[in-house]
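The structure appears right after this line, and notes come after that.
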Amino acid sequence: MAYNHGREERKWRIWKENEEKILRECGVDESTIEEIRTYDRAEFNSNRRFYRWANDVAEYLEEMADTEPQAEIKTVSDLLDEIENETLYQILITVDRRTLRILLLKMQGYSTREIAEMTVLTEKAVYRRLERLRKKLKPTVYPFGEI
């Protein structure tokens, strides 16, 4: 969500007015209240500059992601080539090609029935292969147990 300066300014002003009201009720003199206000305003401006900078960086990264060509994964080899996590890669290269093909088809959005037809397996066999793969990957994804 983008930084909305007007909204943040209103929230800051309301907070500051309430704080100053409490300080006056406690008997704090006006010069001290003014010093606190000046300090808090400088802090607010510093935060505002940071949020604007962060928003600019986020927009730049989004633009770069749109212009950067995404590698389309069409084969099991492409799938293995795109994996950057070494542990995940080591696990997946031990899995048979048929299971990797099932994984690839699942990633591409095919239903279990369609995958079963393409791989000449039963639906139950497809589910079972995915379940076994999930069990192999679970220690990698959740090294300290299930969340």
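Computed from a predicted structure; not experimentally measured.
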**Message:** If hydrophobic clusters are built from ILVMFWY residues whose side chains come within less than 4.5 Å, do L88 and M107 share one?
**Reply:** yes

dist T38:OG1 -> I33:CD1 (nearest 0.5 Å) comes out at 12.0 Å

What one should report as the nearest heavy-atom pair of A116 and T122 is CB-C, 3.9 Å

When rounded to the nearest 0.5 Å, the distance separating CG of L137 from CG of L103 is 8.0 Å

What verdict does the side chain to side chain contact (heavy atoms under 4.5 Å, CB included) test give for R37 and E34, after you've listed the backbone C-alpha separation in whole Å, the side-chain angles of each residue and the deciding distance to 0.1 Å?
CA-CA 5 Å; R37 177 182 261 290; E34 186 59 34; 4.1 Å; yes

With E131 as partner, the option from R134, R128, R129 fulfilling side-chain hydrogen bond (donor to acceptor under 3.5 Å, both in side chains) is R128

For E43, the side chain to side chain donor-acceptor pair (under 3.5 Å) test, sequence neighbours excluded, returns none

Between L79 and L100 the two heavy atoms that sit nearest each other are CD2-O, 4.3 Å

Side-chain contact test, heavy atoms from C-beta onward, threshold under 4.5 Å: evaluate it for I102 versus L121 and give yes or no.
yes

Can you tell whether the side chains of R41 and E9 come within less than 4.0 Å, N to carboxylate O? yes

Taken to the nearest 0.5 Å, the spacing of I91 CD1 from L133 CG works out to 9.0 Å

Taken in chain and number order and not counting sequence neighbours, the residues that satisfy side chain to side chain contact (heavy atoms under 4.5 Å, CB included) with K74 are E72, D78

Rounding to 0.5 Å, atoms CZ (R113) and CE (M118) come to a distance of 13.0 Å

Is any side-chain heavy atom of E8 closer than 4.5 Å to one of K11?
yes

For R98 and T119, indicate whether the former's side chain and the latter's backbone hold a donor-acceptor pair under 3.5 Å. yes

In short, L104 meets V76 closest at the heavy-atom pair CD2-N, 3.7 Å

Correct closest heavy-atom pair for K136 and V95 would be NZ-CG2, 4.0 Å

The reported gap from CD in E30 to CD in E35 (rounded to nearest 0.5 angstrom) is 12.0 Å

Do L105 and Q108 have side chains that get closer than 4.5 Å, going by heavy atoms? yes

Just wondering, do K16 and I36 contact through their side chains at under 4.5 Å, heavy atoms?
-> yes

Tightest non-hydrogen contact, residues W15 and D40, listed as CH2-OD2, 3.4 Å

Worksheet entry | T112 vs K106 side-chain heavy atoms within contact, under 4.5 Å | yes

d(E17 CD, W12 CH2) to nearest 0.5 Å is 9.0 Å

